[in-house]
Chemist: 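The structure under discussion is supplied below as structure tokens; questions concerning it will follow.
All values below come from the heavy atoms of this structure, side chains included, with hydrogens, waters and symmetry mates left out. Read the numbers this way: they start at 1 and go in the same order the structure lists the ligands and their atoms.
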Amino acid sequence: MSNHFNRRQFIKIAGMGSAAAGLAASGMNPWGWPANALAGSLGSDVQVIPTFCELCFWKCGINAKVRDGKIIKLEGHPKHPLSNGRLCPRGNGGTGLTYDPDRLKKPLMRVQKRGEDVFREVSWEDALDFTAEKMLDIKAKHTADCLALFNHGYGATFIKTLLMAYGTHSIAAPSYAQCRGPREVGFELTFGEEVLSPERTDIKNSRMLVLIGSHLGENMHNTQVQEFADAMANGAKLVVVDPRHSVAAGKADWYLPIKPGTDIALLLAWMNVLISEELYDKEYVEQHTYGFEQLKQHVKSYTPEKVWKITGIRPALIRATAREMGHQKPAVLIHPGRHVTWYGDDTQRSRAIAILNALVGSWGRKGGFFYPGELDVPMPELPKFPPMTKKRADLQLKDYPLAFSTLASGLCDATFPAPQAECQLKGWFVYGTNLFFSLPKPEQTREALQHLEFVAVSDVLPMEIVGWADVVLPDATYLERYDDLHVGHYRDPFIALRQPVIEPLYDTRPPWWVSKELAKRLDVADYFPWDNIEDYLQQRLTPMGIKLSDLKKDGVKVFPRQALYFEDGVQPEFYTDSGKIELYSAKLASYGHDPIPVFTDHGDPPEGYFRLLFGRAPVHTFGRTTNNRVLNRVIDTNHVWINRRIAEQWGIKNGQMIRLQNQDGAITNEIAAKVTERIRHDCVYMTHGFGHKAKGLTNKKGASDSDLITRYNTDPIMGGTGMNVNFVTFVV
Ligand code: SF4
């Protein structure tokens, strides 16, 4: 396998942005507009309306081109700090969501058993009256905290305000316990601050980038990928640690095909080399860290020779990469990753990444982690939210004192009767998250739904979770609505406006409207003290000296850059107990956890089984976009990567349709095999988000990894769900 091939692959995938736009431009657009309308020859009757994207959570600035009330092109907003004039491949295809013929078009109410996915169309009046009646009933019978909100995306802002005003504290986004929570807790314990989203990673100035299980290029967050390309063009060194030869690995100076589940051992071995060869940033460590001597003692036993046997990475390779880190410090970025819920010891893994960054002195330094710009945009005065009446619902069965946010999986658990529970959840309000794809153990989610007295779902598409609703509130897409202002804290602080570029299609409504209407019915209208959304936005903008009419034209207001690094004036302050970067955490020790990360063996697959790994397709966001007809012109299904030697043993040919079955007998739809040397023999890999079964969705191609996540290990520190603990075999 040559690097040349993979470099080309990288370029190919990185170029999919224009490919997606190009396909839309080719005359194959599904809504049948003339090809030249999308090809850039736009006439003077074209309106350009700025807003920001929501095909993923990155929120890049968009210029939408609209003619005769139809969106004909989306482009990156040139002044928006997260897009810099470009969108990622998904962002270009955003019209595929708005013009998806499968969209939910009218409010619906269930007419058969819950889960049978049979509804009748109703008016908004009836849908909202019913929702409010059920919510008030739960509040009267069980208290407001017994209604949970599961949410994803920026559209949830007003819905969250509504639910807090109603009185519940059971509000969770799966992006915490099922995605980046362990990273935020691990970094907070070490530096006293989170990595944040978008990540404060100074990729473009990095001289050495270490990606450990992070798939930049497939994980297509626009600004990061732009900066990754800049860093590579500037000659930055790249280390990729991954059981799979990813797109990024094709660019790597060093590729380390690690045994899955052994990252902590490698991270400790790197620390061993940096410390024993005195290559770490001594001045930085002396000035800013706490617990160096304990760390030095702790990593002594993690020699490259010992760790070779654990990880499969040769000692020479461990030493060479550690020495390069020592050479390039402090502009070395050991990337914190994003989806980091893998084995259950994920907070410790993230802490090991944080500690390694501290040793090379990259936190607060150019080419490492910058300090994001600050901007205070006051919220309008609102009445106080009601206090919590019961123990936090997600922590009733097991307490995680370091879980800084609510655990979505904990809320699912709290829906089952348990003797020690103060509050069994009785209602779910689900906004913008298909819980069958975002929570582990889909069977448990199904069972939980049957215990509920009330389920409301608001979404754009008829996802699997919609089929389980009692009432469905069809959402306007991000191109059809106002949302709250986005106050961005990146290198340059900014305020961005989301505004409708067209009127909502069908009988859909934006979440601000739904929230305000429900607030009237729930007797909490005081929390929405404005006549319409434009009044609200102007109320927020006035203290900043900004007119809404100007922001509607410009889309974004960028404020002056502040100091980014210690060297240009940021005061090194660490909000930890010791006031220093904590290499040793007394707080963790006080809760009975390892104060410094320790490697734990996660075992090998049983005979005939392979560890299931999953990740992202570069043009899709989880299962949210896999029905998008524009994006599906590029990628419309997934494959399972199987090592060539293993495939030969099983007689599986490249492209052959097979099924995967896990250790508990769960089995997937058919999926095509991708037979390749680019993955280790002990694991298989597939992209997440395909294999839909919802009857209202057109694209059901591929298989869903979620069907196979019947087990997880819970992170003992913050309650995250480590899901890479499932093993699969092939059904051929
Ligand atoms: S990264 Fe892509 S999909 Fe996400 S907000 Fe930006 S343009 Fe949209």
Chemist: Does Arg200 count as lying over the ring of Phe370, i.e. NZ or CZ under 6.0 Å from the six-ring centre, within 45 degrees of the axis?
Modeler: no
Chemist: Are any of the side-chain nitrogens in Lys79 or Asp492 under 4.0 Å away from the carboxylate oxygens of its partner?
Modeler: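 Salt bridge between Lys79 and Asp492, a charged N being under 4.0 Å from a carboxylate O: no.
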Chemist: Any donor-acceptor pair under 3.5 Å linking the side-chain atoms of Thr621 with those of Arg90?
Modeler: yes
Chemist: By number and element, which atoms of ligand 1 are closer than 4.0 Å to a non-hydrogen atom of Met220?
Modeler: 1 (S)
Chemist: Asp550 pairs by salt bridge (Lys or Arg N to Asp or Glu O under 4.0 Å) with which of Lys547, Lys552, Lys553?
Modeler: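 Per the salt bridge (Lys or Arg N to Asp or Glu O under 4.0 Å) rule, the option paired with Asp550 is Lys553, out of Lys547, Lys552, Lys553.
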Chemist: What I'd like to find out is whether the side chain of Leu82 reaches to under 4.5 Å of the side chain of His486, using heavy atoms alone.
Modeler: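 Yes, close enough: below the 4.5 Å cut-off.
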Chemist: Can a side-chain donor-acceptor contact be found between Ser458 and Asp475 if the only test is distance below 3.5 angstrom?
Modeler: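 Per modelled atom types, Asp475 and Ser458 side chains form no pair under 3.5 Å.
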Chemist: State the count of protein N/O/S atoms located less than 2.8 Å away from atom 8 (Fe) of ligand 1.
Modeler: 1
